[in-house]
Asker: 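I'd like to ask you about the structure that follows.
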Amino acid sequence: MSAKIKENELPEGFKDIRCIICPTGCLVHVENVNGELIMEGHSCKRGEEYAREEFVAPKRILTTTMLVENGFLPLIPVRSDKPIPKEKLRDALKKIAQTVANVPIKMGDILIENVLGLEINIIASRDLIEI
Amino acid sequence: MKKYKVDVAVIGGGSAGLAAAIVVKKAELDVLILERDKELGGITLQCIHNGFGLHEFEEELTGPEYVQRFINRAKDLNIPSKLDTMVIEFTPDKTIYAVNNMEGLIEIKAKAIILAMGCRERTRGAINIPGFRPAGIFTAGQAQRFVNIEGYLPGRTFVILGSGDIGMIMARRLTWEGCEVKAVVEIQPYVSGLIRNEVQCLEDYGIPLITSYTITKIHGKERVQGVTISKVDRNFDRVIGSDKFIECDTLLLSVGLIPENELTREAGAKISQMGGPVIDNNLETTIEGVFACGNVLQVHDLVDLVTAEAKRAGLNAVEYVKERYDIKVEKKDQIICTFGENVNYIKPDLINRTDLSKDIIFTFRVKRPDRRLLIQFKDDKNKIVYKRKKIYVIPSEMIELKLNLSEHQIDPDCKRLEVEVIPRPEVLIEED
Ligand SMILES: Cc1cc2nc3c(=O)[nH]c(=O)nc-3n(C[C@H](O)[C@H](O)[C@H](O)COP(=O)(O)OP(=O)(O)OC[C@H]3O[C@@H](n4cnc5c(N)ncnc54)[C@H](O)[C@@H]3O)c2cc1C
Ligand code: SF4
């Protein structure tokens, strides 16, 4: 099975992407052939979409911890409220490591606004009270 | 000794205990959660990654977010809990003994008990490895707690034994914290956790997954200095000449989980061969009025399924207190559930004959991955009661089936039901 999709800004070359949508784990070959996206190996529409996104602009929700001062616990688990481009994950992690949060914190509180100018916020994953 | 009386006592305040307590409280019974930790939430609090809640909330949450929603609900409903309170014993007449700093030893008399104590990590597999017992050997869950809750790193360079989800998730987490994960070593020829975790936690960071290998020596006297890994053949015997040394200062074990059985066993409830307590289709253990749910019953990979199971346990405990508590019920007439080809265990262990016309939820796992299969339920006369096709099975994914057996013409005198997962016969393959 193959699918062709037109794109303006496609990365060069090819990638073999393992689909993670379901346990079948199809290996999808995605290749940019003269500005046209050729895909092979997926068994369904969801897999096609996933592999395409993974080739064009892979993103991940970032989950980590941030230091807190005077908290019931020394750390607060945090996440990005939207998926972050994969190549920006390291920088976002660095930024979070340099930040210290203040208690009390409620789940969903924005702890870093507009991280790296990506229009993505880093939010708290739980409530945290004072020590 | 301080004494309490409640309708339903819940032992363990993790995802399972919280969901069960909420259901009981909504049915307007008195409920009390007993939790040994200093806060409610259980293991999910340390699972800070996302991937929780797709079934329950239809969105992808982190572990803490998922359980915070239940903590908030419990708070809104004024559900009482005792924290820092460790249950040390319960008896078949449903008296619980627990200890805490404030009150010392306390006694709680309950009409029904819900067991929700979760599971513990296996350390088997490390016990037999030759070498000294240097510092620097942890379970993956311990390491997860250190890094995500207590805020320190247990080492710098890691090897992880076992490719379970917790181990793979920790591989990524440690990499993000600046540590080096040299390899994840798996004795089976396939990854034991989810493909999603293999891709997003290992492949994304170029961490090698070495399958059909195991650790055969731990080096170092004071502190781990490295491990020797060796290839194994189909029978898991070491292949001579395949040894490789990997330098590391810490070894993490991610070799599986087992239900926390101590209290349950000591109370005299039957424990299944493959893990948690023996239960009937109402999640009731062999002690009347004592129910089990969550990881203490069977190890779950999805917290959503834990929640669903816990709600059922809560409802059944309510039904027990309201309808059965005061009546002496005669011995139950039950059908035994067993497992055959490529099935590791099945829950429930017993089906009450009186419940045959109800929906029964069966859960089980396969022993090894396979494709193009048939899931079959057979009775004691080898008659097939139910069958269904399945494209793909792996041990890391629990299979759940809801069945109304009376709709499938089960022999009313049937004594035993066996589930098996077998290759699909040719004829059926052509049908797809
Ligand atoms: C490390 C790990 C990672 C996981 N990752 C995921 C994931 O990514 N996605 C997903 O959907 N699911 C995941 N799961 C599965 C899911 O989170 C768990 O199956 C679920 O949270 C278990 O809930 P529980 O209430 O049964 O157990 P727990 O959350 O473990 O709760 C048990 C509670 O009982 C308390 N307790 C135990 N004994 C006593 C006693 N004697 N007295 C008083 N209290 C006691 C414990 O302190 C604990 O709070 C993971 C599980 C583990 C173990
Ligand atoms: S392509 Fe479709 S069938 Fe294949 S793994 Fe992805 S979702 Fe599953």
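Residue numbers start from 1 in every chain, and the chains themselves are labelled A, B, ... in the order their sequence lines are given, proteins ahead of strands. Since the model is a prediction, treat every value here as computed from it, not as a measurement.
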Asker: Taking every heavy-atom pair that is under 4.5 Å apart, which of B/Glu150, B/Glu198, B/Arg173, B/Glu177 has the most such pairs with chain A?
Answerer: B/Arg173

Asker: Please classify the contact between B/Glu60 and chain A as side chain, backbone, both or neither, with a heavy-atom cut-off of under 4.5 Å.
Answerer: backbone

Asker: Checking heavy atoms, do the side chain of A/Arg79, its backbone, both or neither come under 4.5 Å from chain B?
Answerer: side chain

Asker: Tell me which of these, B/Val199, B/Val67, B/Leu61, B/Asn197, has more heavy-atom pairs under 4.5 Å with chain A than the rest.
Answerer: B/Val199

Asker: Between the side chains of B/Arg365 and B/Glu397, is the shortest nitrogen-to-carboxylate-oxygen separation below 4.0 Å, so that they form an ion pair?
Answerer: no

Asker: Salt-bridge test for A/Glu53 and A/Lys59: reply yes if a basic N is under 4.0 Å from a carboxylate O, no otherwise.
Answerer: yes

Asker: Any donor-acceptor pair under 3.5 Å linking the side chain of A/Asn32 with the backbone of A/Pro11?
Answerer: yes

Asker: Quick check on the interface: out of B/Ile394, B/Leu194, B/Ile195, B/Val147, who has the most heavy-atom pairs with chain A under 4.5 Å?
Answerer: B/Ile195

Asker: Between B/Asn72, B/Asn148, B/Ile71, who has the most heavy-atom pairs with chain A when the cutoff is under 4.5 Å?
Answerer: B/Asn148

Asker: With rounding to the nearest 0.5 angstrom, report the OG1 to CG distance, B/Thr175 to B/Leu202.
Answerer: 8.5 Å

Asker: Report which part of A/Ile21 has an atom under 4.5 Å of a heavy atom belonging to chain B: side chain, backbone, both, or neither.
Answerer: neither

Asker: Only one of B/Thr307, B/Thr44, B/Asn50 passes side chain to side chain donor-acceptor pair (under 3.5 Å) with B/Tyr66; say which it is.
Answerer: B/Thr307

Asker: So which of B/Arg371, B/Gln46, B/His49, B/Glu39 has the largest heavy-atom pair count under 4.5 angstrom toward chain A?
Answerer: B/Glu39

Asker: Would you call B/Asp165 and B/Arg196 a salt bridge, taking side-chain N to carboxylate O under 4.0 Å as the test?
Answerer: no

Asker: Tell me which of these, A/Pro77, A/Cys19, A/Ala124, A/Gly108, has more heavy-atom pairs under 4.5 Å with chain B than the rest.
Answerer: A/Pro77

Asker: Whether the side chain of A/Asn114 engages the backbone of A/Leu118 through a donor-acceptor N/O pair (distance < 3.5 Å, no angle test) should be reported.
Answerer: yes

